[in-house]
Amino acid sequence: MLVKISGELRQRIFDQMEATYPNEGGGFLLGENEENEVTVRDIIQVRNVFAVEEQHHRYAMTPQDWMRLEDQADDLGLSLVGYYHSHPDSPALPSEYDREHALPNFVYIITSVAMGRAEDMRAWRLLADRSRFDALQLRID
Amino acid sequence: MAKIRIPTPLRAFTGGAADIDVAGGTVGEALNNLVEQHPELRAHLFNEDELRSFVNIFIGDEDIRFLQGLDTEIEATESLRIIPSIAGGRGQRMEN
């Protein structure tokens, strides 16, 4: 599967994730989901509600954030196609914690932020049997 | 019949439908009816017979965990909504 995102949106994610460093940050990806191709049209940053002392390695949103943004995406004629978050001083690889909390048919963009600088972005998708994530091709347009 | 709103990523398992009519007098019965209609949903909603920790069921603005959980009684006109808790986090810290 191919994930397409503009250079401008990628930079916005990098800027947000650097601003939340050394804590984790994240938000939703809005866009279009077609067969074998997801196009990210917009990103919406969402506040990390995990306990502050755990935010250096954990990120969470509230269910109310999901409701509000799913309705907003529907109103815009877009879909919630995925979510993004950062891994401070850690590779852009999904963790076991990520897998346990993941949904299928959803793009997971992870940004590695090393020493305060966003330096790697990768896209992943949970397999339908929940066994592992597949790496997706990420194209910056 | 009551309705359950399906979160966007799981609509692939309901033929793209956002709202599914379900039978049942409790939230648990309604969810069982949902996964009988759409069996591929089960693995993503339940871990054995327990709701997965990141799966929330709302009736209006109320989380069923603050009502009677899966035993919460529902009316035939009720609208339920499945809301995932989005969470993530890094594994091992990189060597610098």
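Just so we're clear, the structure is a prediction, and the values are computed from it rather than from any experiment. Lettering follows sequence order; numbering is per chain, from 1.
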Are a donor atom and an acceptor atom from the side chains of A:Thr20 and A:Asn23 found within less than 3.5 Å of each other?
no
Heavy-atom distances under 4.5 Å only: say whether A:Gln55 touches chain B with side chain, backbone, both or neither.
neither
Counting only non-hydrogen atoms closer than 4.5 Å, does A:Leu80 touch chain B with its backbone (N, CA, C, O), its side chain (CB onward), both, or neither?
both
Between A:Asp74, A:Leu93, A:Leu126, which has the largest tally of heavy atom pairs under 4.5 Å with chain B?
A:Asp74
Would you say CG of B:Asp61 has more than 12 non-hydrogen atoms from neighbouring residues, nucleotides or ligands within 6.0 angstrom?
no
Turns out that what part of A:Glu24 lies under 4.5 Å from chain B's heavy atoms comes down to side chain
Could you check whether B:Lys3 pairs with B:Asp19 (Lys NZ or Arg NE/NH1/NH2 to Asp/Glu carboxylate O, under 4.0 Å)?
no
Quiz question: by atom type and distance under 3.5 Å, do the side chains of B:Thr8 and A:Glu70 form a donor-acceptor pair?
yes
Quick check: does any side chain N or O of A:Tyr83 sit under 3.5 Å from a backbone N or O of A:Gly27, one acting as donor and the other as acceptor?
no
Would you mind checking which part of A:His85 comes under 4.5 Å of any heavy atom in chain B, side chain (CB onward), backbone (N, CA, C, O), both or neither?
side chain
Looking at A:Tyr97, I'd like to know if the NZ or CZ of A:Arg58 sits under 6.0 Å from its six-membered ring centre while staying within 45 degrees of the ring's axis.
yes
Which atoms of A:Ala102 come close to chain B, meaning under 4.5 Å heavy atom to heavy atom: side chain ones, backbone ones, both, or neither?
backbone
Which bit of A:Phe50 comes within less than 4.5 Å of chain B, counting heavy atoms only: side chain, backbone, both or neither?
neither
